[in-house]
*Asks:* 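Here's a structure for you.
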Amino acid sequence: MDKISQLLKLLENTKSIEINDFRMDFEELELQIMPAVEQIVKKSVDKTKTPVQPSPMEEFNPPIQNYPGKVAEVQLGKGSRKPVYLGGQEALYRFEEPQPNAPIVTFDVFDIPMPGLPRPIREHFSDVMEHPGEWAKKAVKEYGANMVTIHLIGTGPKVMDKSPRDAAKDIEEVLQAVNVPLVIGASGDPIKDPLVLEKAAEASQGERCLLASANLDLDYQKVAHAAVENDHAVLSWSITDVNMQKTLNRYLLKEGLTHNDIVMDPTTCALGYGIEFSIDIMTRTRLAALKGDQDLQMPMSSGTTNAWGSREAWMKKDEWGPTDYRGPIWEIFTGLTMMLSGVDIFMMLHPSSVKLLREIGETFTKEYNSAEKANIDDWITQLGS
Amino acid sequence: MKVTAMDIYKLLPKTNCGDCGEASCMAFATKLSEKEIDLKVCEPLDTPEREKLEDLLAPAVREVIMGTGDKKVILGGDEVLYRYELTYYNPTALVIDVNDELESEELDERINIIENTKFERTGELLTLDAIAVRNKSGDAKKFADTVSHLKNSKYPLVLCSLDPNAMKAALEIVGNQRPLIYAATENNLDAMAQLALEYKCPLALFVPGDLEKMKQLSHTLRSQGIEDIVLDPGTFVGEGMGDTLDNFIMIRRLAVEERDDDFRFPILGIPALVRLDNTEDNINKSIQEATVTATLLNKYADLLILNGTDIWEIIPILTLRQGLFTDPRKPQTVDAGLYEFGELDDASPVLLTTNFALTYYTVEGDLKSGKANTYLLVLDTDGRAVDVSLAGGQLNGKSVADLIKETGIENKIKHKKMIIPGLAAPLSGEIEDDSGWEVAVGPRDSSAVPDYLLENL
């Protein structure tokens, strides 16, 4: 037999061949007997395409990673306050290592009656809105708030232009009314906010409040000093920009604050209004912290209340269903999504959103597979209509 | 782990022939790594390298197709754990549950609701994706009857029964439509695997709360030649939610970072299971169901079965899904054109902004919270913000003049005065020349616009 016939014979009896070898050996023959070889090669190649048996199974190991970095723990509340702790994570997920501290919710309270608040919220608080102290008390007593945020909106020059001294009085009122830690928010006026926060910080000296906020558009040094001198922490607010956050944190550290005195607010865009930007920023920030970036190793905060600014949350529109449910869901979705991206503290408004967020957040501190679970094996027949 | 351009380049011919349309093999490799070009266009590639590359470029999570023709839904396909690293592929399929104990009128009404649920948002029509038919009765004939009732529905089906006989009865009717078979368990594995092979349908594997066993069973299915698998590690709610999340995350991490072939499949969750608990009212259950849905949408679910159909529950779910699955590599835009705020007449002011989504929604939010009454012209700048499009040239006198013509704003008002963003101030003269309108420069930040309007009009 000549070589070609030998080859063809050989191929006929072979179930599969390594095409590599074949092409290498017979390059020059291809020219002479193309059709015949092609056919056989094709057949052989087709055979190799039948599903390959999976390789033997490897053992199951939970995908646990090691992280060189750690998120600092921040204490809020001291003196006459019952303290809460934020952050302290050494891993990304619970199955790697449960979080030392559960996510915290702080209820929004305002220094003015806030006629603009959506109805589903006014419903819960309309009887106490004239007095921030009463308002705070209700949030704590009836809705179990871990913390209260007192927004000094009334100090805004275009709102009521209350003086820093008036603001300090409101702070005293709230401190008297409740024993939970406070977040102290100003009005968003870059000139006046540092002055207001300074007086508020003095009025609450030693109570370890969170001053909201320091940012690059205002005199953050004044805010930082007010915190250092009166033993408070500072909210470091950047606008969906990891580098801006790093820069601001570094500036604040230079002013004498430590990692245990700073909480970051990388900005929460509401559900439907850029929430994906916030997801990306929060995720990147937390991953960077765990990978060892010291400029970002602080707990994160979310202004979840932003969700109520979305028209889907408040606008009356019959084809969207009642706002009584839409609003709270909008807030809970915004908060939950931020929580799953690493956020530690949530500023929120609606009692039922808070309850649901907490329910899931509290599982973060438990060991994997430690919870009692319902048997769902027969859900197909057991589920109702 | 995401495949790098260098991993790919090593296997390319390195001839820089340019036949693919790219300047070099390295440029082609970069596009491949970003999934922006198809490997097929590389002509000189040899077979062994082609196969290696196909394997390398196969998504970390297998794409599983449910349904056929225009009733097709693709599950899975993801490459990364975090959307900022690339993008998420194939939006989570939202599936509504019906069961075989419903009277045919109830069933028809439910199908009608499912098929007609829609919500338009930022120019996109958001809808549900499939119907899950559940063998609640445990009776094979009832199941088959209900399935045949759904044979002509608009959406693909998920067939839910753990009884292989009932499943077979259903597949005899719709087996050629590629429904998802739910589910193989450790008790019926071989029988369900046979059905999946016989009818060439994707198969869900239900192993609640035990990833080790799930891996074994997934491996067994793969050994039997089943390629299209969907994993259900169990949706435990309430206190069990933490475990549910952990299981979803572990599966996806094993698929993406460790390329564990037994876990490289789409994940299925069932938020409807909040309704197994009968102690809460329906409203609360729907809110809880939405909450579980939001949690699992965020962490890797590729298919979710819900029972609730109230629009107030579905709208936030559709909105979250849309956000999660927008491509971070593409500019986000809103429709260009004329937008109206508040109460308007022919003397109302006219503002200008660009169609970058975040810019637009910021302006919109400010106008609404400030209760402004105004027209807003939104210019198509391919999704660039005001300062960027000014620098890039998309925002110019002529483009604004064209926008005025296209929107017909001149028929709605008596004046010809426009307020442009403070950041666009350098352009005021050019816009005046090209449009014949009078231009005033407004505030740099739109939060000041409502006050500006009050003071200047």
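Please read these numbers as outputs of a predicted model, since none were measured by experiment.
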*Asks:* Can you tell me if CG on B/Asn116 sees more than 12 non-hydrogen neighbours from other groups inside 6.0 Å?
*Replies:*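 More than 12 within 6.0 Å, yes.
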*Asks:* Applying side-chain hydrogen bond (donor to acceptor under 3.5 Å, both in side chains) as the test, list every pair that has at least one member in residues 375-385 of chain A; sequence neighbours left out.
*Replies:* A/Trp379-B/Tyr182
*Asks:* What part of B/Ser161 gets closer than 4.5 Å to chain A, counting heavy atoms only: side chain, backbone, both or neither?
*Replies:*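 When you check distances to chain A, only backbone atoms of B/Ser161 fall under 4.5 Å.
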*Asks:* Please identify, among B/Leu102, B/Asp310, B/Ile270, B/Leu324, the residue contributing the most non-hydrogen atom pairs under 4.5 Å to chain A.
*Replies:* B/Ile270
*Asks:* Determine whether B/Ile249 and A/Leu92 make a side-chain contact, defined as any pair of heavy atoms from C-beta on separated by less than 4.5 Å.
*Replies:* no
*Asks:* Chain B heavy atoms under 4.5 Å from A/Ile380: which part of the residue, side chain, backbone, both or neither?
*Replies:*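 It is both, since atoms from each part get that close.
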*Asks:* Taking atom CD1 of A/Ile360 and atom OG1 of B/Thr295, what is their separation to the nearest 0.5 Å?
*Replies:* 3.5 Å
*Asks:* Could you check A/Ile376 against B/Leu276 for side-chain contact (heavy atoms from CB on, under 4.5 Å), going step by step and ending with a plain yes or no?
*Replies:* CA-CA 9 Å; A/Ile376 56 169; B/Leu276 283 173; 4.0 Å; yes
*Asks:* If you tally heavy-atom pairs under 4.5 Å against chain A, which of B/Arg110, B/Glu106, B/Gln332 wins?
*Replies:* B/Gln332
*Asks:* Please flag which part of B/Asp277 lies under 4.5 Å from any non-hydrogen atom of chain A: side chain, backbone, both or neither.
*Replies:* neither
*Asks:* Specify which of B/Thr244, B/Asn307, B/Val98 makes the most heavy-atom pairs with chain A at under 4.5 Å.
*Replies:*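 Answer, by heavy-atom pair count under 4.5 Å with chain A: B/Asn307.
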*Asks:* Does any heavy atom of chain B fall under 4.5 Å from the side chain of A/Leu383, the backbone, both, or neither of them?
*Replies:*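 Its backbone and side chain both get close to chain B.
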*Asks:* Could you look at B/Ala357 and say if it's the side chain, the backbone, both or neither that has a heavy atom under 4.5 Å from chain A?
*Replies:* neither
*Asks:* Distance-only, no hydrogens or angles: does the A/Arg326 side chain make a donor-acceptor pair with backbone N or O of B/Trp312 under 3.5 Å?
*Replies:* no
*Asks:* Top residue by heavy-atom pair count (under 4.5 Å) with chain A, among B/Met241, B/Glu212, B/Gln288?
*Replies:*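 Among the listed options, the one with the most contacts to chain A is B/Glu212.
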*Asks:* Non-hydrogen atoms of chain A under 4.5 Å away: do they reach the side chain of B/Thr185, the backbone, both or neither?
*Replies:*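 Looking at B/Thr185, nothing touches chain A.
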*Asks:* Side chains of A/Tyr93 and B/Lys299, heavy atoms from C-beta outward: is any pair under 4.5 Å?
*Replies:* yes
*Asks:* Within this structure, what is the CG-CD1 distance for the pair A/Leu271 and B/Ile317, rounded to the nearest 0.5 Å?
*Replies:*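 The CD1 atom of B/Ile317 is 10.5 Å from CG of A/Leu271, to the nearest 0.5 Å.
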*Asks:* Could you go through the side chain to side chain donor-acceptor pair (under 3.5 Å) check for A/Tyr368 and B/Asn247 one step at a time?
*Replies:* CA-CA 9 Å; A/Tyr368 175 55; B/Asn247 290 333; 2.4 Å; yes
*Asks:* For the CG atom on B/Asp281, are there more than 12 heavy atoms of other groups (residues, nucleotides or ligands in this structure) within a distance under 6.0 Å?
*Replies:* yes
*Asks:* With respect to chain A, which residue among B/Pro328, B/Pro208, B/Gly234 yields the maximal number of heavy-atom pairs within a distance under 4.5 Å?
*Replies:*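 It is B/Pro208.
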*Asks:* Take A/Gln65 and B/Arg253, measure what side-chain contact (heavy atoms from CB on, under 4.5 Å) needs, and give me the verdict at the end.
*Replies:* CA-CA 10 Å; A/Gln65 295 180 356; B/Arg253 194 183 258 188; 3.6 Å; yes
*Asks:* Within the distance-only criterion (no hydrogens, no angle test), does the side chain of A/Arg284 pair as donor or acceptor with the backbone N or O of B/Tyr84 below 3.5 angstrom?
*Replies:* no
*Asks:* Considering only heavy atoms, which portion of B/Ala272 lies under 4.5 Å from any heavy atom of chain A: side chain, backbone, both, or neither?
*Replies:* both
*Asks:* Is A/Trp330 close to chain B through its backbone or its side chain, or both, or neither, when contacts mean heavy atoms under 4.5 Å?
*Replies:*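 For A/Trp330, side-chain heavy atoms alone lie under 4.5 Å from chain B.
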*Asks:* I'd like to know which of A/Leu357, A/Leu356, A/Ile332 tops the heavy-atom pair count under 4.5 Å against chain B.
*Replies:* A/Leu356
*Asks:* What part of B/Glu364 gets within 4.5 angstrom of chain A, counting heavy atoms only: side chain, backbone, both, or neither?
*Replies:*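 Answer is side chain: those atoms of B/Glu364 sit under 4.5 Å from chain A.
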*Asks:* So which of A/Ala371, A/Ser352, A/Pro63 has the largest heavy-atom pair count under 4.5 angstrom toward chain B?
*Replies:* A/Pro63
*Asks:* Taking atom CD of B/Glu239 as the centre, does the number of heavy atoms from other residues, nucleotides or ligands within less than 6.0 Å exceed 12?
*Replies:*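 No, because the 6.0 Å sphere around CD of B/Glu239 holds 12 heavy atoms or fewer from other groups.
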*Asks:* So which part of A/Ser370 gets closer than 4.5 Å to some heavy atom of chain B, the side chain, the backbone, both or neither?
*Replies:*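 Only the backbone of A/Ser370 comes within 4.5 Å of chain B.
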*Asks:* Does A/Phe60 have B/Lys215 sitting over its ring (NZ/CZ under 6.0 Å from centre, angle to axis within 45°)?
*Replies:* no
*Asks:* Is it the backbone or the side chain of B/Asp261 that comes under 4.5 Å from a heavy atom of chain A, or both, or neither?
*Replies:* neither
*Asks:* Checking heavy atoms, do the side chain of B/Phe325, its backbone, both or neither come under 4.5 Å from chain A?
*Replies:* neither
*Asks:* Heavy-atom distances under 4.5 Å only: say whether A/Leu287 touches chain B with side chain, backbone, both or neither.
*Replies:*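 For A/Leu287, the contact with chain B is made by the side chain alone.
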*Asks:* To the nearest 0.5 Å, what is the distance between CG (B/Asp243) and CD (A/Glu372)?
*Replies:*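 One gets 11.5 Å once the value is rounded to the nearest 0.5 Å.
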*Asks:* Could I get the full list of salt bridge (charged side-chain N to carboxylate O under 4.0 Å, His left out) partners for B/Asp246, not counting sequence neighbours?
*Replies:*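 Listed in chain order: A/Arg94.
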*Asks:* Measuring heavy-atom distances to chain B, does A/Ile329 have an atom under 4.5 Å in its side chain, in its backbone, in both, or in neither?
*Replies:*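 Just the side chain, heavy atoms under 4.5 Å.
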*Asks:* For B/Leu297 and A/Thr337, what are the C-alpha separation, side-chain angles and deciding distance, and is it a side-chain contact (heavy atoms from CB on, under 4.5 Å)?
*Replies:* CA-CA 9 Å; B/Leu297 274 174; A/Thr337 299; over 6 Å; no
*Asks:* Run the side-chain contact (heavy atoms from CB on, under 4.5 Å) test on A/Phe95 and B/Leu211 for me, step by step, so that the C-alpha distance in whole Å, both residues' side-chain angles and the decisive distance to 0.1 Å come before the verdict.
*Replies:* CA-CA 13 Å; A/Phe95 60 84; B/Leu211 291 190; over 6 Å; no
*Asks:* Let's test your reading of the structure: which of A/Glu367, A/Glu96, A/Glu362, A/Lys366 forms the most heavy-atom pairs below 4.5 Å with chain B?
*Replies:*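 Looking at each option in turn, the highest pair count goes to A/Glu96.
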*Asks:* Roughly how far, to the nearest 0.5 Å, is CD of B/Glu85 from CG of A/Asp280?
*Replies:* 10.0 Å
*Asks:* So which of B/Leu273, B/Thr291, B/Asn99 has the biggest tally of heavy-atom pairs under 4.5 Å with chain A?
*Replies:*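 With the most close heavy-atom pairs to chain A, the winner is B/Thr291.
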*Asks:* Looking at CG of B/Asp327 and CD of A/Glu276, how far apart are the two atoms once the value is rounded to the nearest 0.5 Å?
*Replies:*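 Between B/Asp327 CG and A/Glu276 CD, I get 11.0 Å after rounding to 0.5 Å.
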*Asks:* Considering all heavy atoms of both residues, which atom of B/Lys136 and which atom of A/Gly384 are nearest to each other, and what is their separation?
*Replies:* NZ-CA, 4.1 Å
*Asks:* Of the backbone (N, CA, C, O) and the side chain (C-beta and beyond), which part of A/Glu319 lies under 4.5 Å from a heavy atom of chain B, both, or neither?
*Replies:*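 Backbone only.
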*Asks:* Flag the pair A/Glu312 / B/Thr319 as yes when at least one side-chain heavy-atom distance between them is below 4.5 Å, and no otherwise.
*Replies:* no
*Asks:* Would you compute the distance between atom NE2 of B/His219 and atom CD of A/Glu58 and round it to the nearest 0.5 angstrom?
*Replies:*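 The CD atom of A/Glu58 is 9.0 Å from NE2 of B/His219, to the nearest 0.5 Å.
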